[in-house]
**Q** 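Questions regarding the structure given below will be posed in turn.
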Amino acid sequence: MLITVFPCLIISGWFPLSNIFDFLKLLAIFLVVGVVLWIISFFYFWKATK
């Protein structure tokens, strides 16, 4: 996802990137959302298999 989706976010222009801090903020948001979605799906499928 980091190799495919993240560059699409940058190229699409949905997020203004005027300096390196904007890029790092976008990267942090991307990673936090990814981790949260992974944790939610992990517990959902873990509970579904029991």
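Throughout, numbering of the chain's residues begins at 1 and tracks the sequence.
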**Q** Which residues, ordered by chain and number, are linked to Ile40 in its hydrophobic cluster, where ILVMFWY side chains connect at heavy-atom gaps below 4.5 Å, directly or through other members?
**A**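 ILVMFWY cluster around Ile40 also holds Val32, Val36.
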
**Q** Between Phe43 and Trp46, what is the ring plane arrangement, given parallel below 30°, perpendicular above 60°, and tilted in between?
**A** perpendicular

**Q** Checking Asp22 side chain against Lys25 main chain: does a donor-acceptor pair fall under 3.5 Å?
**A**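 No, the answer is negative, given that no donor and acceptor are paired below the 3.5 Å cut-off.
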
**Q** Using a side-chain heavy atom cutoff under 4.5 Å and only I, L, V, M, F, W and Y, what cluster partners does Ile29 have?
**A** Val33, Leu37

**Q** List, by chain and number, the other hydrophobic cluster members for Phe15, where Ile, Leu, Val, Met, Phe, Trp and Tyr join if side-chain heavy atoms come within less than 4.5 Å, directly or indirectly.
**A**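 Other cluster members: Met1, Leu2, Val5, Phe6, Leu9, Ile10, Trp14, Leu17, Ile20, Phe21, Phe23, Leu24, Leu26, Leu27, Phe30, Leu31.
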
